[in-house]
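Here the structure comes first, spelled out in structure tokens, and everything after it is commentary.
Residue numbers run from 1 in the order of the sequence given.
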Amino acid sequence: MATIVKIRGSVFIGGLQWLPAMTDPETGFTHEYAGDAREFTPAAVHTGRNRVEQEVVVDFAKRKLFTYADTGYTTLRVTKPGGISEFKQGKASTEGVTVADETWEASSVSFVMKASAANPLRPAAPAVDYEMRVIVHEEDGTVEVKGSHDGFPCFEFYKQVDFGGFELLHSHDFRVTGDTPAAMTGDMEYHFERKR
């Protein structure tokens, strides 16, 4: 029987120190957003290297969910035509990072993990989104997930049973699929389903 099952989700800009620069043709200013300069790992929570991080701890002994949500700092480097750079920083709200529809059965629990977080330095920019329905079974810690997410940036979801090793439930790498920040507009275009 599983007592504690943790579900961990992260959204991050993988592999890049900085996103490709954009130059404003009118002002000549160059804008560059910082990436998270990391690869896929369950160990990056609380390191400041995620755009969004979310955890749900299922405690079957207490029949309770414990939740955690955070967003990383967004850093923008603005370089003027003379070569002088200024840095701006902002942190997105965690209001859009939620857990809903918690339902306990005799030996399982289901819930929905959602995240929607926009760039705090560009309020009009589209938000990064994911939504995942999760069912956790007490008998052996099996997890069923069914979800959707945007094409950009990287997404990773893990499970951990009774403080053992983390197992990957799903990952998405925009560098492999060729997605760009434009993929955050409109509906979530990637869908997945796993039982592990």
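For Tyr190 and Phe155, the ring centers are positioned 6.0 Å apart or more. Under the 6.0 Å cut-off for aromatic ring centres, His149 and His191 do not qualify, their centroids lying 6.0 Å or more apart.
Looking at Val128 and Phe152, their side chains never come closer than 4.5 Å, going by heavy atoms from C-beta outward. At least one side-chain heavy atom of Phe174 sits less than 4.5 Å from a side-chain heavy atom of Leu16. Taking the side chain as every heavy atom from C-beta outward, Lys91 and Asp70 approach each other to under 4.5 Å. Contact check for Val99 versus Val112: no side-chain heavy atoms found under the 4.5 Å cut-off. Considering only heavy atoms from C-beta on, Val57 comes within 4.5 Å of Ile4 through its side chain.
Listed here is the closest heavy atom pair of Ser10 and Val45: OG-CG2, 4.2 Å. The nearest pair of heavy atoms linking Asp150 to Glu189 is CA-OE1, 3.6 Å. Pairing each heavy atom of Pro153 with each of Val11, the nearest pair is CG-CG1, 3.6 Å. Closest of all the heavy-atom pairs between Asp173 and Cys154 is OD1-SG, 3.7 Å. For the residue pair Leu76 and Leu121, the shortest heavy atom distance occurs at CB-CD1, 3.6 Å. Minimum heavy-atom separation, Ala92 to Thr71: O-OG1, 2.6 Å.
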Requested in this report: Take Phe166 and Val161 through the test side chain to side chain contact (heavy atoms under 4.5 Å, CB included) and record every step on the way to the result.
Outcome: CA-CA 8 Å; Phe166 281 93; Val161 180; over 6 Å; no
Requested in this report: Given side-chain hydrogen bond (donor to acceptor under 3.5 Å, both in side chains), test Thr79 with Ser85 step by step and report yes or no.
Outcome: CA-CA 4 Å; Thr79 306; Ser85 293; 2.9 Å; yes
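By the neighbour-count criterion of 12 heavy atoms within 6.0 Å, atom CZ of Phe163 is sparsely surrounded, having that number or fewer from other residues, nucleotides or ligands. Atom NZ of Lys80 is surrounded by 12 or fewer heavy atoms from other residues, nucleotides or ligands within 6.0 Å. Residue-environment remark: CG (Asp187) stays at or below the threshold of 12 foreign heavy atoms within 6.0 Å.
Checking side-chain atoms of Asp36 against main-chain N and O of Ile13 turns up a donor-acceptor pair under 3.5 Å. Judged by distance alone, with hydrogens and angles left aside, the side-chain atoms of Lys159 form no donor-acceptor pair with the main-chain N or O of Val136 at under 3.5 Å. Distance alone, capped at 3.5 Å, is enough to place a donor-acceptor pair between the Arg8 side chain and the Pro42 backbone. Checked by atom type and distance alone, the side chain of Glu138 never pairs as donor or acceptor with a backbone atom of Thr3 at under 3.5 Å. Side-chain atoms of Arg51 come within 3.5 Å of backbone N or O of Tyr73 as a donor-acceptor pair. With Arg38 contributing its side chain and Gly15 its backbone, the two residues share no donor-acceptor pair below 3.5 Å. A donor-acceptor pair is defined here as one N or O able to donate and one able to accept, closer than 3.5 Å; no such pair exists between the side chain of Ser108 and the backbone of Glu105. Proximity of a side-chain donor or acceptor of Lys114 to a complementary backbone N or O of Met132 within less than 3.5 Å is not detected.
Inspection of the Tyr130 and His172 side chains reveals no N or O donor paired with an N or O acceptor under 3.5 Å. Inspection of the Thr23 and Thr30 side chains reveals an N or O donor paired with an N or O acceptor under 3.5 Å. Judged purely by distance below 3.5 Å, without hydrogens or angles, the side chains of Thr75 and Gln89 pair a donor atom with an acceptor atom. A side-chain N or O of Glu156 and one of Tyr158 form a donor-acceptor pair less than 3.5 Å apart.
Atoms CZ and CZ, on Arg49 and Phe12 in that order, are 11.5 Å from each other to the nearest 0.5 Å. In this structure, Glu53 CD and Thr94 OG1 are separated by 11.0 Å, a value rounded to the nearest 0.5 Å. The distance from atom CE of Met113 to atom CD1 of Ile7, rounded to the nearest 0.5 Å, is 7.0 Å. A distance of 9.0 Å separates CD in Glu32 from CE in Met22, rounded to the nearest 0.5 Å.
Follow the hydrophobic side-chain contacts under 4.5 Å out from Ile135 and you never reach Val58; the two are in separate clusters. Cluster membership check: Val56 shares its hydrophobic cluster with Trp104, using side-chain heavy-atom separations under 4.5 Å among Ile, Leu, Val, Met, Phe, Trp and Tyr. Under the 4.5 Å side-chain heavy-atom criterion for Ile, Leu, Val, Met, Phe, Trp and Tyr, Phe87 and Leu19 are members of distinct hydrophobic clusters. There is a path of hydrophobic side-chain contacts, each under 4.5 Å, that joins Leu169 to Val52. Under a hydrophobic clustering in which Ile, Leu, Val, Met, Phe, Trp and Tyr are joined whenever their side-chain heavy atoms come within less than 4.5 Å, directly or via other members, Phe192 and Met184 fall into the same cluster.
Between Asp162 and Lys6 no salt bridge is recorded (no basic side-chain N to carboxylate O distance below 4.0 Å). Ionic pairing of Arg196 and Glu167 is not present here: no N-O contact between side-chain nitrogen and carboxylate oxygen is shorter than 4.0 angstrom. With respect to the salt-bridge test (charged N to carboxylate O, under 4.0 angstrom), the residues Arg133 and Asp101 qualify. By the 4.0 Å N-to-carboxylate-O rule, Glu39 lies close enough to Arg175 to be salt-bridged with it.
At least one cation-pi condition fails for Lys62 and Phe60: the charged atom is not both under 6.0 angstrom from the six-membered ring centre and inside a 45 degree cone around its axis.
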